[in-house]
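A note on names: the letters A, B, ... follow the listed sequences, proteins ahead of strands, and every chain is numbered from 1. Atoms considered below: every heavy atom in the structure, side chains included; atoms not considered: hydrogens, waters and symmetry mates.
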Amino acid sequence: MRRLAAATILSTFFYLSQYGQIEAHHYFANFHEEQMVLRGKIVDVFIENPHGILTVKAGGHEWDVYLGSVRHSNRVGLSEDLFRRGDPIVIYGHPSVNPDDFELMSIRIIYRGKTYEIFQDIGDR
Amino acid sequence: MEDLLLLLKDLETGMLAEAMRKSPWLFPIVNTLHILGIALLFGAVSCLDLRLMGAWKTVPVPGLSRIVVPVAGTGLGLALATGVLLFLTRASRYAQNPVFQIKMGLIVLALVNLALLHRSAAWKAAQEGTATEGRRVAWAGFLSMLLWLGVLIAGRIIAYW
Ligand code: HEM
């Protein structure tokens, strides 16, 4: 019984020590490791839960750019009022592993001369 | 089919769905309550199902059911109510997601299994303590665990589809 308890506690600690890495990997598993830059025009923006979406038209395609939760977006300085449809915008991010998806996990947004850091830490995984 | 899609679009543009998406706290709270419902439901249901499948034979079924059935019922009610709220946020998208459709199908099957078991003579006998085992009841317990586990897995897979 004692040995079982010790083994459980040890494996729990081990699991928790690995948790950050496991979680990060798992959450972004569908996005490519390589970064890309998307230059286009704003189509629409939704600051929403569980995550926001910014739609950008570039090279004849509509891209879905993923943002964080409402709280996360507010924290990094994004709001729906900030963006104006048709405005040019630059986004650094990780594209979906499937190129036909036209989806981008955002890292950094440059808009009207201001830089917004979104998921800066993904690049360091 | 067209009308259904329009109805779903109306639902997701409604005030409730809008509040779920725009409020910083509503979504995480409802999401947490969905998990709480699932925990109560699956935790309770698996105890009774394992007993029906032949585990802990010395534990009387009537006493166990008295504890487990109301807990599972509460969990089910919570999961259903909060599930509908989560669904509303993107109703048309979820309705067209094959994993979401499978999940709803599995919920229906699990509820049918539940209703059939509760109507059976074998269950009534087990509740009176006159008979605790039997292939009929064991199979119902096995199916119940399998189906609820399927619902849980499908629920989590939706986000990755
Ligand atoms: C009754 C048993 C149910 C179980 C065991 C169950 C299980 C789950 C699980 C495990 C998740 C993932 C939660 C998360 O990742 O945070 C989930 C999410 C969800 N559930 Fe349920 N659920 C149940 C009922 C329902 C019902 C009745 C509905 C709708 C009518 C529903 C709609 C949803 C929705 C929309 C999500 C979010 C999916 C996503 O985008 O990731 N659930 N459910």
Side-chain angles (χ1 to χ4, degrees), chain A residues 8 12 15 19 21-33 43-55 62-83 94-106 116 118-119 122 125, chain B residues 8-39 43 46 50 55-56 78-79 81-100 103 152-161:
Chain A
T8 309
T12 305
Y15 177 72
Y19 190 73
Q21 286 130 28
I22 293 170
E23 193 61 3
H25 182 72
H26 155 94
Y27 185 64
F28 297 109
N30 291 328
F31 291 89
H32 213 284
E33 303 241 357
V43 177
D44 229 334
V45 63
F46 300 98
I47 304 291
E48 294 183 339
N49 272 330
H51 59 76
I53 287 191
L54 180 65
T55 323
E62 270 195 15
W63 288 73
D64 281 337
V65 177
Y66 286 99
L67 310 171
S69 65
V70 171
R71 267 180 56 77
H72 179 273
S73 293
N74 291 342
R75 196 162 59 234
V76 299
L78 302 184
S79 70
E80 287 186 358
D81 308 336
L82 179 73
F83 299 98
H94 296 281
S96 167
V97 286
N98 180 1
D100 298 334
D101 286 348
F102 296 102
E103 287 173 355
L104 197 66
M105 178 63 75
S106 60
Y116 301 88
I118 316 298
F119 292 128
I122 310 171
R125 69 183 159 162
Chain B
L8 293 170
K9 295 249 184 223
D10 281 346
L11 283 176
E12 69 193 12
T13 47
M15 255 172 55
L16 201 54
E18 178 86 6
M20 280 285 292
R21 285 192 304 266
K22 296 292 182 205
S23 151
W25 291 115
L26 205 49
F27 197 106
I29 289 169
V30 171
N31 201 165
T32 304
L33 291 176
H34 198 58
I35 307 275
L36 180 63
I38 296 159
S46 55
L50 288 170
W56 312 301
L78 199 55
T82 52
V84 169
L85 288 175
L86 293 174
F87 172 75
L88 286 183
T89 60
R90 280 150 186 98
S92 61
R93 288 242 310 264
Y94 282 131
Q96 293 173 68
N97 181 316
V99 184
F100 181 82
K103 178 178 166 180
L152 188 145
I153 292 169
R156 187 64 266 224
I157 298 291
I158 295 168
Y160 300 89
W161 201 252

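A distance-only check finds no donor-acceptor pair linking the side chain of A/N49 to the backbone of B/W25 [under 3.5 Å].
Listed in order of number, the residues of residues 11-21 of chain B that approach chain A to under 4.5 Å between heavy atoms are B/M20, B/R21.
Expressed to the nearest 0.5 Å, how far CD of A/E48 lies from CZ of B/R90 amounts to 5.5 Å.
Proximity to chain A is limited to the backbone of B/S23, based on heavy atoms less than 4.5 angstrom apart.
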